[in-house]
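So you know, we letter chains A, B, ... as the sequences are listed, proteins then strands, and number each from 1.
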There are 2 protein chains.
Amino acid sequence: MLTKSENRSFGGVQGVYTHRSESCACDMTFGLYLPPQAQTGKVPLLWYLSGLTCTHDNAMTKAGAQAWAAAAGVAVVFPDTSPRGPGVADDEAYDLGQGAGFYVNATQDPWAPHFRMWDYIATDLPALLAAEFPLDMDRQSITGHSMGGHGALTLALTLPDRFRSVSAFAPIANPTQSDWGRKQLGAYLGEDSAAWEAHDSTLLMTERGFAGPLLVDQGAQDQFLDLLKPEALAHAIAARRQPATFRMQAGYDHSYFFVASFMRDHIDFHAEALRA
Amino acid sequence: MLTKSENRSFGGVQGVYTHRSESCACDMTFGLYLPPQAQTGKVPLLWYLSGLTCTHDNAMTKAGAQAWAAAAGVAVVFPDTSPRGPGVADDEAYDLGQGAGFYVNATQDPWAPHFRMWDYIATDLPALLAAEFPLDMDRQSITGHSMGGHGALTLALTLPDRFRSVSAFAPIANPTQSDWGRKQLGAYLGEDSAAWEAHDSTLLMTERGFAGPLLVDQGAQDQFLDLLKPEALAHAIAARRQPATFRMQAGYDHSYFFVASFMRDHIDFHAEALRA
């Protein structure tokens, strides 16, 4: 693992690190915020998965998470959204290929050799974090924005023992029924849509639910509401009687200004679950 | 004035606007955060002046100001750091020309036709803000980072009736004695260093002081300490018996992670002065 930068932030350290990922078969970069409490012991870990076009950097610099993570004593990891590099397949569209991994293990060419973001988040990166940093890996929670909200929900619903709580900002909630989903799941997993269903949080909610607390925030003025389909997830939550808070926030759009406005609520929500 | 974007943020609105500046003889872009309280009446205004290479955008997206401005009921304006555009002079160096206006009125070619950032901040932009937004222009304060800290201090010290309080993050504190200053003041104002003295906050502090409260934060691990010269300003403050708080913050560098870590303190500091 290589340290690219470390900056003091709210009494803790905002670091950026690069490491070799076995799953993605390339070097990967991530941000990790360690709160001041990590100087004297292990701290719980919140995953923040980012959306289309983002790298590890966007939320790390624009979401204002460090203020609240420091107050709560929670570490926050900001992974990249796809494999990258000259040997890695890509597409000219902003919503396919590099920057658009969709948190799945691709089975189709040209994506299969590197696009294994599910395994990267579920296996590779946690092993590295546990080995290198003062993190209590028995206390993990997960959140994300847009494509990253999709990733957070699908990972939490599929790995029920891994995360104590899950939340999402404007998640791609029903990708099997959206142009943000059908295109990418088709490209990465093939045209048989049966393989897509394991990556649709509305379907997973209907089938499985989640044992811990769940929080979703969605801007009512989000310019991508037709692609996100929050109504499908809200329906599935209510139909299952899943304990959850689903908030439609008047006036907010899809930007980081929306994410930052509710970051404190999400970190406090997870911190409570992680303290228990 | 043209609205480029408006995003809901912490219950208020983060806007970006473009207007024709008479002082700079070109179009200028600025960010303005209006807190929720501006929906029902006029609110006080805090100026945030940015540093070298920045536009209106950097602090607006990375400094986390909106959270605290909303809580305090204070608007924050984020001006650009220089005139810009194809007809505007520039230099290949990052620290001269576009992105490096140094908050002075240039008298030398090729800078004189557009580089009038002092008048832009002191006259042009306040007139526009007063006309277009629900701001109480009798209640203004000012802060800034690096070159913007220099601008905030020199403006506040020179226009004593304009700002109720002044603060700075890692300001260029003694530019007449620094390579961040001598180069730019020479280029913009000419080689006679007598003209530079009006733009050195250490000299202004020695001569004039400031009637209101003053707060300066400086990272002890700042990579530019030799250029910033905080010791000169600290000496001048103490020698004058100027009421002030000057904090050397252990472990912090020059980045926005430093700025964000202490933004709450600065906004709360100004909010108290603006309430009085």
Side-chain angles (χ1 to χ4, degrees), chain A residues 4-16 31-36 38-39 54 57-71 76 78 169-170 217-223 247-268, chain B residues 4-16 31-36 38-39 54 57-71 76 78 169-170 217-223 247-268:
Chain A
K4 295 190 71 174
S5 63
E6 288 185 331
N7 299 87
R8 183 67 61 97
S9 169
F10 289 92
V13 177
Q14 178 60 61
V16 176
L32 176 69
Y33 179 68
L34 288 177
Q39 292 158 20
C54 291
D57 185 70
N58 303 66
M60 190 185 99
T61 52
K62 299 202 294 185
Q66 292 87 357
W68 321 116
V76 186
F78 304 93
F169 301 84
D217 272 314
Q218 171 64 59
Q221 298 299 316
D222 193 313
Q223 56 270 50
R247 306 191 299 191
M248 187 65 67
Q249 300 283 8
Y252 286 90
D253 57 32
H254 199 67
S255 68
Y256 275 99
F257 294 111
F258 158 67
V259 174
S261 295
F262 299 102
M263 182 57 76
R264 181 182 194 166
D265 290 354
H266 284 247
I267 289 184
D268 288 352
Chain B
K4 294 190 71 173
S5 63
E6 289 186 328
N7 298 86
R8 183 68 62 97
S9 170
F10 289 92
V13 177
Q14 178 61 62
V16 176
L32 176 68
Y33 179 69
L34 288 177
Q39 292 158 20
C54 290
D57 185 70
N58 303 64
M60 191 185 100
T61 52
K62 299 203 293 186
Q66 293 87 357
W68 320 116
V76 186
F78 303 92
F169 300 85
D217 271 314
Q218 171 63 58
Q221 298 299 315
D222 192 312
Q223 57 269 50
R247 307 191 297 190
M248 187 62 68
Q249 300 284 7
Y252 286 89
D253 57 32
H254 199 67
S255 69
Y256 275 98
F257 294 111
F258 159 66
V259 174
S261 295
F262 299 102
M263 182 58 78
R264 180 182 194 167
D265 289 355
H266 285 246
I267 289 184
D268 288 353

Atom group of A250(B) that falls short of 4.5 Å from chain A, counting heavy atoms
backbone
Using non-hydrogen atoms only, which part of A260(B) is less than 4.5 Å away from chain A: side chain, backbone, both, or neither?
both
Quick one: does F258(A)'s side chain get under 4.5 Å of D217(A)'s, heavy atoms only?
yes
F10(B), part contacting chain A, at a heavy-atom distance under 4.5 Å:
both
Of the backbone (N, CA, C, O) and the side chain (C-beta and beyond), which part of Q223(A) lies under 4.5 Å from a heavy atom of chain B, both, or neither?
neither
Measuring heavy-atom distances to chain A, does M60(B) have an atom under 4.5 Å in its side chain, in its backbone, in both, or in neither?
both
Run the ring-centre check on F262(A) versus Y252(A) and record whether the distance is less than 6.0 Å.
yes
Tell me whether Q39(B) contacts the main-chain N or O of G12(B) through its side chain, where contact means a donor paired with an acceptor under 3.5 Å.
no
For E6(B) and Q14(B), what are the C-alpha separation, side-chain angles and deciding distance, and is it a side chain to side chain donor-acceptor pair (under 3.5 Å)?
CA-CA 6 Å; E6(B) 289 186 328; Q14(B) 178 61 62; over 6 Å; no
For the pair K62(B) and D57(B), find out whether any cationic side-chain nitrogen is under 4.0 Å from an anionic carboxylate oxygen.
no
Heavy-atom check, side chain of V259(A) versus side chain of H254(A), under 4.5 Å
no
Most contact-rich option vs chain A, by heavy-atom pairs under 4.5 angstrom, among Q66(B), R8(B), R264(B), M263(B), is R8(B)
What part of T61(B) is in contact with chain A, defined as an atom under 4.5 angstrom from a non-hydrogen atom: side chain, backbone, both or neither?
both
Of the backbone (N, CA, C, O) and the side chain (C-beta and beyond), which part of D253(B) lies under 4.5 Å from a heavy atom of chain A, both, or neither?
side chain
